[in-house]
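Start at 1 with the first residue, then count along the sequence.
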Amino acid sequence: MIDPKGEEDFEEEGRDLQAEIEAERIAEALVFASSQPVPEGFLAERLPRNANVREIMLRLKEQYAPRGVNLVQIEGAWAFRTAADLSFVIRRDENEVKKLSRAALEVLSIIAYHQPVTRAEIEDIRGVQTSRGTLDVLMEAGWVRFRGRRRTPGRPVTLGTTRDFLDHFGLEELRDLPGLEELKGAGLLSGRIPANFNIPSPLMNDELSEDEDPITQMDLEELGLLAPRSTSED
């Protein structure tokens, strides 16, 4: 004779399992349908109320790990990307960003490791002036953005990297940027670097620092990113 209570528990477990599977399917579909990494907050709004978004995404990540397409985390967002070992078979000629100059690579590296950083600080680190064209190339690629304004005389604009930067270079977060030993191993640093040379630890989030103010509409107009508002009266 079947214990009625045991049968009810079994049925409840079955419903819970079905709900988890359905939540996974919804999350999978939402990420698959998006051309941009999908934030966990967006997923939480569309999954069942009691769904644990992080657990669901980690399970899906594990399921996709051995496949030709992987589910990857980029900061607090998720996206499907070609498995790293198969990227060579994918033609990306049409969408490939033009090859960066040495100056652009230097500036991008400085911004990535030193953000938030101003143009003057970039020039101080490089020892040479940085042309506006170099910054324009990085911004057009979608890898660099204006963060805020430094609370110092002149209120210089601060620069930082974007989520697209992490996505393009296969990084989940800024802490995944290569360290000193990794750069040496890859042959990107000379073996004759100064003994006191070090690489700073980048910020772990996009929040403004204590000496930064947010960018306002007036700032965007001043920077040429927005057309000035009309002052004429109706």
Side-chain angles (χ1 to χ4, degrees), residues 36-37 39 72-77 79 81 92 95-190 193-194 196-217 219-226:
Q36 298 293 328
V72 299
Q73 184 177 7
I74 306 162
E75 291 186 317
R81 294 292 181 261
R92 304 179 66 179
N95 299 320
E96 187 175 359
V97 178
K98 65 180 181 179
K99 186 175 181 180
L100 295 179
S101 65
R102 178 172 179 176
L105 285 172
E106 289 178 357
V107 172
L108 180 60
S109 299
I110 291 170
I111 293 173
Y113 283 97
H114 291 264
Q115 61 186 302
V117 62
T118 66
R119 180 173 172 176
E121 291 166 345
I122 293 173
E123 293 175 347
D124 185 54
I125 294 170
R126 292 185 67 218
V128 296
Q129 287 189 334
T130 299
S131 71
R132 178 58 191 259
T134 298
L135 289 174
D136 286 344
V137 167
L138 297 176
M139 288 189 171
E140 288 171 7
W143 296 342
V144 168
R145 65 183 177 88
F146 294 123
R147 282 179 50 96
R149 305 206 78 152
R150 186 69 53 76
R151 294 175 183 171
T152 56
R155 300 186 67 245
V157 175
T158 56
L159 300 162
T161 53
T162 66
R163 180 178 290 166
D164 285 345
F165 164 79
L166 297 176
D167 191 9
H168 182 85
F169 290 97
L171 305 171
E172 289 191 2
E173 53 188 356
L174 288 173
R175 74 170 72 244
D176 294 327
L177 284 167
L180 181 60
E181 295 304 318
E182 292 172 292
L183 292 173
K184 284 182 180 178
L188 298 176
L189 286 178
S190 167
I193 59 176
N196 62 346
F197 179 83
N198 64 79
I199 294 178
S201 298
L203 288 177
M204 292 300 106
N205 56 61
D206 286 335
E207 294 181 4
L208 295 175
S209 60
E210 293 182 356
D211 64 348
E212 284 181 288
D213 287 322
I215 293 280
T216 65
Q217 178 161 336
D219 293 327
L220 294 176
E221 292 173 4
E222 180 184 329
L223 296 168
L225 299 180
L226 285 179

Side chains of [X] and [Y]: closer than 4.5 Å at any heavy-atom pair?
| X | Y | result |
| --- | --- | --- |
| L108 | F165 | yes |
| P116 | F146 | no |
| H114 | I125 | yes |

Looking only at heavy atoms, the pair that brings A79 and P37 closest together is CB-CA, 4.0 Å
[atom1] of [X] to [atom2] of [Y]: how many Å apart, nearest 0.5 Å?
| X | Y | atom1 | atom2 | value |
| --- | --- | --- | --- | --- |
| R102 | T134 | CZ | OG1 | 13.0 Å |
| F169 | D167 | CZ | CG | 11.0 Å |
| I215 | R145 | CD1 | CZ | 9.5 Å |
| Q73 | D176 | CD | CG | 9.5 Å |
| I74 | L166 | CD1 | CG | 7.5 Å |

Under 3.5 Å, is there a donor on one side chain and an acceptor on the other for D211 and S209?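 There is such a pair (donor and acceptor under 3.5 Å, judged by atom type) between the side chains of D211 and S209.
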Quick one: do L159 and R147 satisfy side-chain contact (heavy atoms from CB on, under 4.5 Å)? Show the steps, please. CA-CA 5 Å; L159 300 162; R147 282 179 50 96; 6.0 Å; no
Suppose we screen for side chain to side chain contact (heavy atoms under 4.5 Å, CB included). Which residues come up paired with D213, at least two apart in sequence or across chains?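 Partners of D213 by the side chain to side chain contact (heavy atoms under 4.5 Å, CB included) criterion, ordered by chain and then number, come out as R151, R155.
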With sequence neighbours excluded, residues passing side chain to side chain contact (heavy atoms under 4.5 Å, CB included) with T118: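 T118 satisfies side chain to side chain contact (heavy atoms under 4.5 Å, CB included) with A120, E121, R150, P156, T158 only.
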Test your reading of the model: is there a side-chain donor-acceptor pair from [X] to the backbone of [Y], 3.5 Å cut-off?
| X | Y | result |
| --- | --- | --- |
| Q115 | A112 | yes |
| E123 | T130 | yes |
| T162 | G142 | yes |

Is any side-chain N of the basic residue among R149 and E212 closer than 4.0 Å to the acidic one's carboxylate O?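 Result for this pair is no, no salt bridge flagged.
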Is a salt bridge present between R132 and D136, judged by a nitrogen-to-oxygen distance below 4.0 Å?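 Yes.
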Check side chain to side chain donor-acceptor pair (under 3.5 Å) between S109 and all other residues, then give those that pass, not counting sequence neighbours. none
Please report the C-alpha distance between L177 and L174 in whole Å, then the side-chain angles of each, then the deciding distance to 0.1 Å, and finally whether the side-chain contact (heavy atoms from CB on, under 4.5 Å) criterion is met. CA-CA 6 Å; L177 284 167; L174 288 173; 4.1 Å; yes
Does the side-chain contact (heavy atoms from CB on, under 4.5 Å) test come out yes or no for I110 and R126, once each step is laid out? CA-CA 9 Å; I110 291 170; R126 292 185 67 218; 3.1 Å; yes
Which is it for D164 and Q36 under the side-chain contact (heavy atoms from CB on, under 4.5 Å) test, yes or no, and what are the steps along the way? CA-CA 9 Å; D164 285 345; Q36 298 293 328; 3.7 Å; yes
